[in-house]
Amino acid sequence: MSTQSDNRFQAIISHAKEYGFVFQSSEIYDGLSAVYDYGPYGSELKKNIRDYWWKSMTQMHENIVGVDAAIFMHPTTWKASGHVDNFSDPMIDNKDSKKRYRVDHLIEGFAETLTEKGETQKAETILKEMDVLLAKEDYAGLKELIVSNNMKCSVSGTCNWTDIRQFNLMFDTKLGSVTDEADTIYLRPETAQGIFVNFLNVQKTARMKIPFGIAQTGKAFRNEIVARQFIFRMREFEQMEMQFFVRPGTEGEWYKYWKEARLQWHLSLGIDAAKYRYHDHVKLAHYAKEACDIEFDFPMGFKEVEGIHSRSDFDLSQHQQYSKKKMQYFDADVDSATGKPYGNYVPYVVETSIGLDRMFLLILSNAYDEETLTKEDGSTDSRVVMHIPAKIAPIKLAILPLTKKDGLPELARELMNECKPHFRCFYEEKDAIGKRYRRMDAIGTPFCVTIDHQSKEDGTVTIRYRDTMQQERVPMSKVKEIVLQQIF
RNA sequence: GCGGAAGUAGCUCACCUGGUAGAGCGACAGCUUCCCAAGCUGUAGGUAGCGGGUUCGAGUCCCGUCUUCCGCUCCA
């Protein structure tokens, strides 16, 4: 990373705090690692992003409905989803190189080199033994397997290993007052399962026909080993996801559809397409048929902001198996190939999953700008401006009487009362007008209206646009409409 | 988790080899009424991240700890 982008990231983090977007959690107690709070403007922006997503998914798609599932779920949910097994990876460290490995990766890597050397038989034996030991969670046995086969660290070349430790990425807690093993429940590590377990409830009550989607936003929790880069990777975060249920065999075309549709959503916010790219997964998770990330050019480089996954019928089938409840849909549409209805099947799923906090960081990163301005007399000036899309800006309109006497505040208050039921407004009469403009630039307010002496005479005001700094004179009675037009 | 760097006012930072904590910007109250911040007056705000040690004396030296950024690692 260059020093320049490094500084830019630092500047954005400072700005986020100074102007009430993001604070570190429990800061007065030295903070809590990788946990953050959203401040007055941050909570507003975050809510606006969420609402914009929600509207685009549900209101704009007649075949997508929402749910709001609980964070706590039955423990078996996470067995079915595979999180209990796959989200707790045993790890081992090399004491010399300080390098950490996932135990299964280390052993698989070793087996691979054996295979390359032609010792296929031995490699298979080791892998089999590993599977048995992993299933038993026999960490001493696994370490013995590593040591006895003289598996070396690729960096230090030594065999000086620590004991194997378990890192469970799911937070657990106790349900009920009695502390008992059986009462251990998890804070959901993803929101998707709340959709899958409600699949039939939703389908039946909302009378949905395939293809249809279920959307949800909400908190999820992961006990990351390393969580860093400001709000990019947090232990408590919010997801916005939509699971789209389709007839098996059509998942390919829907995957393609959503991959394109989701990028269009990002571009609809007016963000430069050159800052986005797709990253198609080559190595797929066991359940996935196709998967890609939408990546954004953050100050620290291109990083994932959203994922689109073709998940097959993995999730619903798993829940069907573990719950012993049918997760089927009866498709009455006639298959032209057979002339008969498609009948009962477990639907396939195409998922779109976006991190709300990451989207927030994306907006901040994209919006933050330190501009150098040349004044009329040739001298230079600077301003920090947040080019937040007007649709999601925390404050839409600032109403600023040029002076605080001569009846201007009264006039400004009239406009304030007219506009504030419709969108978030901000009233300010303190300090010079230029200073007030700069303050609004810093929190990304797209429109400022100034009430001056002429306003009293002819009922016109000046509206000033954040990005261009241009002003135009308009009737005060039109202000509400002008703003409404640009925020929808 | 390992390694590197850092933590002093809301922000950016200063305080040189240990000697009772400062500036600029910002905020607040008032003056000014000025259409693109940094005019005037006044005010508030820090037990120098936290804990311990050395010392007559620690922001400064040592140890621990927490937090942040960077690299490695991790990211079903």
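- In a base pair of the Watson-Crick type (N1 to N3 plus N6-O4 or O6-N4) or a G-U wobble (N1-O2 and O6-N3), with each distance short of 3.5 Å, rG59(B) is matched with no nucleotide.
- A distance-only check finds a donor-acceptor pair linking the side chain of Gln320(A) to the backbone of Met327(A) [under 3.5 Å].
- Across all strands, Leu402(A) comes closer than 4.0 Å to base atoms (heavy-atom distances).
- Between Ser33(A) and rC66(B), a side-chain N or O to OP1/OP2 separation shorter than 4.0 Å is absent.
- Contact annotation: side chain of Thr462(A) to base of rC35(B), donor-acceptor pair present below 3.5 Å.
- Ala34(A) comes within 4.0 angstrom of sugar-phosphate atoms only, judged by non-hydrogen atoms across all strands, and of no base.
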Do any N or O atoms of the protein come closer than 3.5 Å to N or O atoms of nucleotides 48-51 of chain B, and which pairs are they?
residue : atom : partner  : partner atom : Å
rG49(B) : O2'  : Asp30(A) : OD1          : 3.0
rG49(B) : N2   : Asp30(A) : OD2          : 3.2
rG49(B) : N3   : Asp30(A) : OD2          : 3.4

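- Remark: rC31(B) base-pairs with rG39(B); criterion is Watson-Crick or G-U wobble with both hydrogen-bond distances under 3.5 Å.
- Phosphate contact (OP1/OP2 of rC34(B), side-chain N/O of Thr403(A), threshold under 4.0 Å): absent.
- Base pairing of rU65(B): its partner is rG49(B), meeting the Watson-Crick or G-U wobble criterion (both donor-acceptor distances under 3.5 Å).
- Across all strands shown, the partner of rC72(B) is rG1(B), judged by Watson-Crick or G-U wobble contacts whose two distances both fall under 3.5 Å.
- Under the 4.0 Å criterion applied to side-chain N and carboxylate O atoms, Arg466(A) and Asp441(A) are not assigned as salt-bridge partners.
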I'd like a table of donor-acceptor pairs (distance under 3.5 Å, sequence neighbours excluded) in which one partner is a side-chain atom from residues 410-419 of chain A, with atom names and distances.
residue   : atom : partner   : partner atom : Å
Asn417(A) : ND2  : Arg413(A) : O            : 3.3

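- Applying the 3.5 Å distance criterion, the base of rC35(B) shares a donor-acceptor pair with the side chain of Gln471(A).
- The closest donor-acceptor contact from the side chain of Asp452(A) to the backbone of Gln454(A) lies under 3.5 Å.
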Give me, pair by pair, the N or O atoms of the protein and of nucleotides 38-41 of chain B that are less than 3.5 Å apart, along with how far apart they are.
residue : atom : partner   : partner atom : Å
rA38(B) : N6   : Asp381(A) : OD1          : 2.7

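- Within the 4.0 Å cut-off from OP1 or OP2 of rC36(B), not a single side-chain nitrogen or oxygen of Arg466(A) is found.
- Judged by atom type and distance alone, Arg464(A) does not reach the base of rC35(B) through any side-chain donor-acceptor pair under 3.5 Å.
- OP1 or OP2 of rU33(B) has not a single side-chain nitrogen or oxygen of Lys404(A) nearer than 4.0 Å.
- A sub-4.0 Å separation between OP1 or OP2 of rU68(B) and a side-chain N or O of Gln24(A) is present.
- Between the C1' atom of rC69(B) and the CG atom of Leu361(A) lies a distance of 14 Å, rounded to the nearest Å.
- Residue Tyr29(A) is classed as having no contact, given no heavy-atom separation below 4.0 Å to the nucleic acid.
- One atom, NZ of Lys17(A), and another, C1' of rC11(B), lie 8 Å apart when rounded to the nearest Å.
- Pair check for rU12(B) finds rA23(B); Watson-Crick or G-U wobble, both atom distances under 3.5 Å.
- Contacts of Thr450(A) with the nucleic acid, taken as non-hydrogen atoms under 4.0 Å apart, include base atoms.
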